Colleague: 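Attaching a single structure in structure tokens format; questions to follow.
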Amino acid sequence: SAVISQKPSRDICQRGTSLTIQCQVDSQVTMMFWYRQQPGQSLTLIATANQGSEATYESGFVIDKFPISRPNLTFSTLTVSNMSPEDSSIYLCSVGDSGANVLTFGAGSRLTVL
Amino acid sequence: GDSVTQMEGPVTLSEEAFLTINCTYTATGYPSLFWYVQYPGEGLQLLLKATKADDKGSNKGFEATYRKETTSFHLEKGSVQVSDSAVYFCALSSGSARQLTFGSGTQLTVLP
């Protein structure tokens with residue numbers, strides 16, 4: 001299965017700032033997703049990162065707050081904009097394993113907003 | 001829409017005890033079902049999966065059987081170890097997008 005590298009692995013940020021999280025995959029993948037895991041909660045899908053076009057956002061998530069780039073089939077970024085303490089979460093990149101219907105996850109980026 | 005209901009935790013067991021974590025689902029069509037595990041400080045790892053009714057997924061001594069009649073996918077292990085301490089997530093995938101719907105997670109702690 002694909003190997004995913006996410007960075008930063010963790011960061012502490014000030015309210016009102018923005019942070020960009022990078023996701024690098026060791027092979028070309030069709031499907032790429034961004035999830036959020038709030039403290040003590042399950043995972044929630046933020047959006048599907050589409051190569052060459054705008055990301056597809058789930059209900060409750062908007063592009064202005066969570067802009068996503070996907071310049072090629074191995075790389076994506078998620079930006080958390082104008083952060084507030086409520087954005088403190090683990091953000092996870094995941095990719096679709098073609099044909100097997102299985103998602104592989106990165107180790108996540110743990111974000112704390114003060 | 002799709003949903004996954006998972007046994008609430010936390011669950012604390014002694015080493016070598018029997019483990020069951022209940023998971024039921026609601027979905028249109030015929031979803032694939034998964035158990036993911038998250039060890040402390042790590043990302044999610046696929047533990048096992050089943051893609052059709054009556055399939056049994058198994059890995060590392062864990063098993064789960066896809067029961068369409070009861071819409072369930074309960075996770076079991078006959079003898080847990082301290083190293084099994086983690087958060088376990090039940091999940092389903094339906095349709096072609098391969099997006100996952102997760103349950104709330106169950107924290108398992110195994111004591112020596």
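All values derive from a computational prediction rather than experimental measurement. All chains are named by letter (A, B, ...) in the order of the sequence lines, taking the proteins before the strands, and each is independently numbered beginning at 1.
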Colleague: Above 12 or not: heavy atoms from other molecules or residues under 6.0 Å from OH of B:Tyr39?
Modeller: yes

Colleague: Please state whether the side chain, the backbone, both or neither of A:Ser94 comes within less than 4.5 Å of a heavy atom of chain B.
Modeller: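 Neither part.
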
Colleague: What residues of residues 105-114 of chain A make heavy-atom contacts with chain B at a cutoff under 4.5 angstrom?
Modeller: A:Phe105, A:Gly106, A:Ala107

Colleague: Side chain, backbone, both or neither: which part of B:Gln38 has a non-hydrogen atom closer than 4.5 Å to chain A?
Modeller: side chain

Colleague: Let me see the working for A:Arg15 and A:Met83 under side-chain contact (heavy atoms from CB on, under 4.5 Å), right down to the final yes or no.
Modeller: CA-CA 5 Å; A:Arg15 181 196 298 260; A:Met83 288 183 286; over 6 Å; no

Colleague: How far apart are the C-alpha atoms of A:Glu86 and A:Ser84, what are their side-chain angles, what is the distance that settles it, and do they pass the side chain to side chain donor-acceptor pair (under 3.5 Å) test?
Modeller: CA-CA 5 Å; A:Glu86 292 71 34; A:Ser84 67; 2.9 Å; yes

Colleague: Does any heavy atom of chain B fall under 4.5 Å from the side chain of A:Gln6, the backbone, both, or neither of them?
Modeller: neither

Colleague: Should A:Ser69 and A:Thr77 be marked as a side chain to side chain donor-acceptor pair (under 3.5 Å) after you check the CA-CA gap, both sets of side-chain angles, and the distance that decides it?
Modeller: CA-CA 5 Å; A:Ser69 78; A:Thr77 66; 2.6 Å; yes

Colleague: Does one side chain, of A:Ser76 or A:Trp34, offer a donor that lies under 3.5 Å from an acceptor on the other?
Modeller: yes

Colleague: Relative to chain A, which segment of B:Leu46 carries a heavy atom at a distance below 4.5 Å: side chain, backbone, both, or neither?
Modeller: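 For B:Leu46, the side chain is the part near chain A, not the backbone.
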
Colleague: Tell me if the aromatic rings of B:Phe34 and B:Phe89 count as close, with their centers under 6.0 Å from one another.
Modeller: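 No, the ring of B:Phe34 stays outside the 6.0 Å limit from the ring of B:Phe89, centre to centre.
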
Colleague: So which part of A:Leu45 gets closer than 4.5 Å to some heavy atom of chain B, the side chain, the backbone, both or neither?
Modeller: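 Contact with chain B is through the side chain of A:Leu45 alone.
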
Colleague: Could you walk me through whether B:Thr106 and B:Gln6 pass the side chain to side chain donor-acceptor pair (under 3.5 Å) test, one step at a time?
Modeller: CA-CA 7 Å; B:Thr106 301; B:Gln6 195 174 330; 3.0 Å; yes

Colleague: Let me have the donor-acceptor pairs involving side chains of residues 19-26 of chain A, under 3.5 Å, with sequence neighbours excluded, atom names and distances please.
Modeller:
unit_1, atom_1, unit_2, atom_2, d
A:Thr20, OG1, A:Thr79, OG1, 2.8
A:Gln24, NE2, A:Thr74, O, 3.2
A:Gln24, NE2, A:Thr74, OG1, 3.4
A:Asp26, OD1, A:Val3, N, 2.9

